[in-house]
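Everything numeric here is computed off the predicted structure, so don't read it as measured data.
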Amino acid sequence: ELCDWVNGKAILDCGAFIGDTAIPLAHMFIKSQIHAFEPESHNYSKLIDIINYNQKQNQIIPVKLWVWDQYVNTTISNGWAGAKIWQDWEEIEITPIDQYVWEKQLEVGLIKRDIEWFEYESVVWAEQTIKKDKPVLIISLYHRGKDFFEIKKLIEWRNLWYQFTVRKRNCFHPFADTVLICYH
């Protein structure tokens, strides 16, 4: 039922990396357009290559932005599996999810967040979109201990009537790839 409800609505892949989530989402939700946010240039270039290789140019829109609660420019450093805000490496542009959704006039069915230690704050960054569209939320919980204990409480506190489940995709690492899934 959740797949049927999401299919045809926009999907926001926040922290798209090289498309490792965007491509499977495109295959699963063939009627949805995926907005894949990746601010780091090397990863963004690989993301475009993978979109082209999989012939998903009409379905996956690469967006070279970081999502935050305001418009700012900052710098980013490429880490092993993703990018992290750092002292000085590459300047990036940041945009609020709510503003992006409003400008593009999107109805959002799913938001995936794997944005390297900023998942907790990202719940606030998309508050209007979450209230308006009630999208399925997939939020990484393994970057900070705080996230595992606080993100669910933050969403419950907003009285959005979500149900919750926690899933772990990597059974070989005690923390990696643990996600909170929020749905109606």
Exercise for review: Would you confirm whether Asp133, through its side chain, and Gly109, through its main-chain N or O, come within 3.5 Å as a donor-acceptor pair?
Suggested key: no
**Study point:** CG-CZ distance between Leu110 and Phe29, expressed to the nearest 0.5 angstrom
**Key:** 6.0 Å
Practice item. Would you confirm whether Asn7, through its side chain, and Cys3, through its main-chain N or O, come within 3.5 Å as a donor-acceptor pair? Key: no
Exercise for review: Output the distance between atom CD1 (Ile30) and atom CG (Leu25), rounded to the nearest 0.5 Å.
Suggested key: 13.5 Å
Exercise for review: Could you grab the distance from atom CD of Gln33 to atom NZ of Lys104, nearest 0.5 Å is fine?
Suggested key: 9.5 Å
Check your understanding: Measuring from Ile48:CD1 to Lys64:NZ, what's the distance to the nearest 0.5 Å?
Key -> 9.5 Å
Review point. Do Ile51 and Pro62 have side chains that get closer than 4.5 Å, going by heavy atoms?
Key: yes
**Study point:** Expected output: side-chain Thr165 to main-chain Ile181 donor-acceptor under 3.5 Å
**Key:** no
Check your understanding: What about Val179 and Met28, same hydrophobic cluster or not, with Ile/Leu/Val/Met/Phe/Trp/Tyr joined at side-chain heavy-atom distances under 4.5 Å?
Key -> yes
**Study point:** Any Leu137 side-chain heavy atom under 4.5 Å of Ile130 side chain
**Key:** yes
Check your understanding: So which heavy atom on Gln57 is nearest to which on Asn52, and how close?
Key -> CG-OD1, 3.0 Å
Check your understanding: Under the 3.5 angstrom rule, does the side chain of Gln59 hit a backbone N or O of Ala26 as a donor-acceptor pair?
Key -> yes
Check your understanding: Hey, does the side chain of Lys112 reach the backbone of Gly15 with a donor-acceptor pair shorter than 3.5 angstrom?
Key -> yes
Practice item. Count the heavy atoms of every other residue, nucleotide or ligand shown that sit under 6.0 Å from CD of Gln55, and state whether that count exceeds 12. Key: no
Point to revise | Option passing side chain to side chain contact (heavy atoms under 4.5 Å, CB included) with Ile34 (candidates Leu12, Ile60, Val63) | key: Ile60
Point to revise | Closest non-hydrogen atom pair between Phe17 and Glu38, with its separation | key: N-OE1, 2.7 Å
Practice item. From the options Leu106, Asp13, Ile111, select the one residue that forms a side chain to side chain contact (heavy atoms under 4.5 Å, CB included) with His35. Key: Leu106
Check your understanding: Any donor and acceptor pair, going by atom type alone, linking the side chain of Ser32 with main-chain N or O of Lys9 inside 3.5 Å?
Key -> yes
Exercise for review: Taking all heavy atoms of Cys14 and all of Ile97, pick out the closest pair and write down the distance.
Suggested key: SG-CD1, 3.8 Å
Check your understanding: Around Lys46, counting heavy atoms of other residues, nucleotides and ligands shown, do more than 12 lie under 6.0 Å from its NZ?
Key -> no
Review point. Hey, are the side chains of Ile11 and Val6 touching, using non-hydrogen atoms and a 4.5 Å cut-off?
Key: yes
Review point. For the atom pair NE2 (His42) and CD1 (Ile18), what is the distance rounded to the nearest 0.5 Å?
Key: 8.0 Å
Exercise for review: Kindly assign one of parallel, tilted or perpendicular to the pair Tyr162 and His184, based on the angle between their ring planes and the thresholds 30° and 60°.
Suggested key: tilted
Review point. In Å, rounded to the nearest 0.5 Å, how long is the span from CD1 of Ile139 to CZ of Arg113?
Key: 5.0 Å
Check your understanding: After noting the C-alpha distance and the side-chain angles of Tyr100 and Phe37, does the key distance pass the ring pair (Phe, Tyr, Trp, His ring centres under 6.0 Å) rule?
Key -> CA-CA 11 Å; Tyr100 182 87; Phe37 293 86; 4.9 Å; yes
